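Worksheet: the structure to be examined is printed underneath.
Values below: every heavy atom of this structure, side chains too, minus hydrogens, waters and symmetry copies. Just so it is clear, the model here is predicted, and its values are computed rather than measured.
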Amino acid sequence: MPDTPRTVDAIDTPAALVDVDRMHANLRRVAAYCREHGLAWRPHAKTHKTPELAVEQVRAGAVGVTVATPREAEVMSRVVDDLLLAYPPIGRAKLDRLMALPAGVRLTVGLDSAEALRGLAEAARAAGRPVGVLVETDAGMGRVGVQSAEDAVALARAAAEADGVEYRGILFYPGHVRERVEQQGDAIRTLSDRLGQTLEALHAAGVAPSVVSGGSTPTFWRSHEIAGLTEVRPGTSIFNDRTTSEIGACAWGECAYSVLATVVSTAVPGQAVVDAGSKALSREEIRADSTGFGALLDRPEVLVKAVSEEHGLLDLSRTDWRPRIGERVRIVPNHVCVSVNLHERLHGVRGDDVAHVWTIAARGR
Ligand SMILES: Cc1ncc(COP(=O)(O)O)c(C=O)c1O
């Protein structure tokens with residue numbers, strides 16, 4: 001590992017920066033909302049993939065963390081003893097890795113098929129390890145999740161009856177709700193009604209869920225409008241990003257993550273080129289009514305209008321600022337989780353000082 005830089009000036013670019021004070025403020029805001037509304041907070045660790053930051057989340061009030069992969073589960077299990085794998089574990093290799101997690105870790109798994117349930121129950125029985133099950137229901141995203149209340153009841157019953165696992169409830173992810181926060185009313189009502197039908201059917205069938213796990217960063221601040229919800233799993237909200245700000249789920253000044261980059265060319269009029277391209281920011285697109293792959297933290301009117309692997313092209317058409325070669329900028333990417341995954345380390349900064357260098361231990365596949 002290279003020497004630890006003490007100041008931001010000493011960090012080579014491109015590099016991932018976290019404004020530590022903003023991050024803590026984000027955690028405090030989310031924790032306070034959950035306390036106010038009686039919701040358990042189980043943040044998704046896929047955003048930061050960094051055990052030290054999972055520790056900060058638990059310190060701030062999280063009941064445990066959510067993970068998406070066995071690798072994230074392994075890394076987070078070193079520091080957190082209550083994990084939810086919100087992804088169906090299919091195949092021997094993944095099941096073996098889950099069963100090998102430290103015995104003291106309380107493990108819950110979300111799944112949406114009888115096949116996944118059977119595999120998990122067999123593995124749990126063979127390992128002699130208690131594993132909780134949440135039945136995943138499709139809240140409207142159309143990605144995974146059982147499609148009807150009847151199917152939710154059938155899988156919940158199967159989970160309640162299966163030897164080796166313990167049925168704990170249901171899980172959904174409202175990833176399809178991407179309107180601005182103040183325009184989410186209809187979508188949230190539809191989601192809440194649909195969930196209500198499922199909850200009613202589960203109660204009537206004698207498989208009432210003790211956990212109803214949902215939540216996302218875009219819908220986070222309206223989670224209390226979803227009847228029956230007991231737990232929320234926001235990921236992005238620890239750092240926020242350009243999409244979160246555009247949706248109105250955070251202020252621009254609450255973006256805690258940025259990619260530090262250096263201006264390497266101003267040869268073409270109207271633009272400046274930085275050394276952060278798709279390999280540092282990612283090529284994730286933004287919502288339909290916006291363009292670009294990121295914006296400057298200190299000059300949000302300056303967009304990254306195009307990226308190739310090592311080049312980010314800053315659009316100077318809406319600014320009088322004319323950067324010098326060698327000048328450094330901080331770029332807020334459209335989608336923070338995928339940008340973090342491209343870096344090896346997070347630099348936790350306070351002003352111009354580097355307060356922490358964290359290894360992103362759960363990155364990769
Ligand atoms: C199943 C699941 N839960 C929670 C999250 C967290 O979402 P967000 O980053 O919008 O808060 C994700 C993100 O992809 C997810 O896939």
Side-chain angles (χ1 to χ4, degrees), residues 40 42 44-46 63-74 76-77 81-103 105-175 194-195 197-215 228-231 233 365:
R42 185 183 290 280
H44 206 312
K46 74 193 274 291
V63 296
V65 298
T66 306
V67 294
T69 66
R71 174 149 185 78
E72 288 176 5
E74 285 160 357
M76 295 305 154
S77 73
D81 63 5
D82 192 331
L83 299 181
L84 166 63
L85 176 73
Y87 197 96
I90 304 299
R92 187 79 260 154
K94 291 193 171 60
L95 289 166
D96 285 349
R97 288 174 74 177
L98 289 179
M99 294 309 126
L101 292 173
V105 170
R106 180 176 185 272
L107 177 65
T108 308
V109 173
L111 47 77
D112 68 356
S113 70
E115 291 84 345
L117 175 63
R118 208 174 305 123
L120 181 68
E122 270 172 29
R125 268 198 312 275
R129 158 175 210 123
V131 179
V133 167
L134 299 183
V135 170
E136 179 146 16
T137 65
D138 182 5
M141 188 182 182
R143 183 173 70 175
V144 289
V146 297
Q147 295 294 300
S148 66
E150 295 72 40
D151 289 350
V153 166
L155 197 51
R157 276 202 174 121
E161 286 162 11
D163 278 340
V165 294
E166 183 196 323
Y167 166 67
R168 291 192 181 140
I170 63 170
L171 173 154
F172 66 91
Y173 177 56
R194 192 163 166 167
L195 181 66
Q197 287 163 15
T198 303
L199 293 180
E200 219 170 274
L202 291 167
H203 276 272
V207 277
S210 46
V211 174
V212 179
S213 178
L229 197 64
T230 67
E231 174 180 285
R233 306 183 311 274
R365 297 186 57 211

Quiz item: Does atom OH of Tyr167 have more than 12 heavy-atom neighbours, drawn from other residues, nucleotides or ligands, at distances under 6.0 Å?
Solution: yes
Exercise. Measure across Leu117 and Ala159 and return the closest heavy-atom pair with its distance rounded to 0.1 Å.
Key: CD2-N, 3.5 Å
Self-check item: salt bridge (charged side-chain N to carboxylate O under 4.0 Å, His left out) against Asp82, all qualifying residues, sequence neighbours excluded
Solution: Arg42, Arg106
Quiz prompt | Minimum-distance pair of heavy atoms, taken over all atoms of Leu101 and Arg129 | solution = O-NH1, 2.6 Å
Quiz item: If you take all heavy atoms of Ala205 and Val153, which pair is closest and at what distance?
Solution: CB-CG1, 3.5 Å
Self-check item: Summary of side-chain hydrogen bond (donor to acceptor under 3.5 Å, both in side chains) pairs that have at least one residue in residues 112-125, sequence neighbours excluded
Solution: none
For residues 131-140, please give each side-chain donor-acceptor pair under 3.5 Å, one per line with the distance, not counting sequence neighbours.
from: Asp138; atom 1: OD1; to: Gly140; atom 2: N; distance (Å): 2.9
from: Asp138; atom 1: OD1; to: Met141; atom 2: N; distance (Å): 3.0
from: Asp138; atom 1: OD1; to: Gly142; atom 2: N; distance (Å): 3.0
from: Asp138; atom 1: OD2; to: Gly142; atom 2: N; distance (Å): 3.3
from: Asp138; atom 1: OD2; to: Gln147; atom 2: NE2; distance (Å): 3.0

Exercise. Could you tell me whether the side chain of Leu171 reaches within less than 4.5 Å of the side chain of Leu84, counting heavy atoms only?
Key: yes
Exercise. For Arg168, enumerate each residue passing the salt bridge (charged side-chain N to carboxylate O under 4.0 Å, His left out) test, keeping only those at least two apart in sequence or located in another chain.
Key: Glu166
Self-check item: Which atom of Ala86 lies closest to which atom of Arg233, heavy atoms considered
Solution: CB-NE, 4.5 Å
Self-check item: Closest contact, heavy atoms only, Val207 versus Ala156
Solution: CG2-CB, 4.0 Å
Quiz item: Can you list every pair that meets salt bridge (Lys or Arg N to Asp or Glu O under 4.0 Å) and has a residue in residues 144-161, with sequence neighbours left out?
Solution: none
Quiz prompt | Distance-minimising heavy-atom pair for Ala73 and Leu83 | solution = O-CD1, 3.5 Å
Practice problem: Under the side chain to side chain contact (heavy atoms under 4.5 Å, CB included) rule, what do Arg194 and Phe172 come out as? Steps first, then yes or no, please. | Solution: CA-CA 11 Å; Arg194 192 163 166 167; Phe172 66 91; over 6 Å; no
Quiz item: What residue among His44, Lys46, Glu72 forms side chain to side chain contact (heavy atoms under 4.5 Å, CB included) with Thr66?
Solution: His44
Self-check item: Arg97 and Glu74 ion-paired at < 4.0 Å
Solution: yes
For residues 88-96, which side-chain donor-acceptor pairs fall under 3.5 Å, sequence neighbours excluded?
from: Arg92; atom 1: NE; to: Asp96; atom 2: OD1; distance (Å): 3.2
from: Arg92; atom 1: NH2; to: Asp96; atom 2: OD1; distance (Å): 3.0

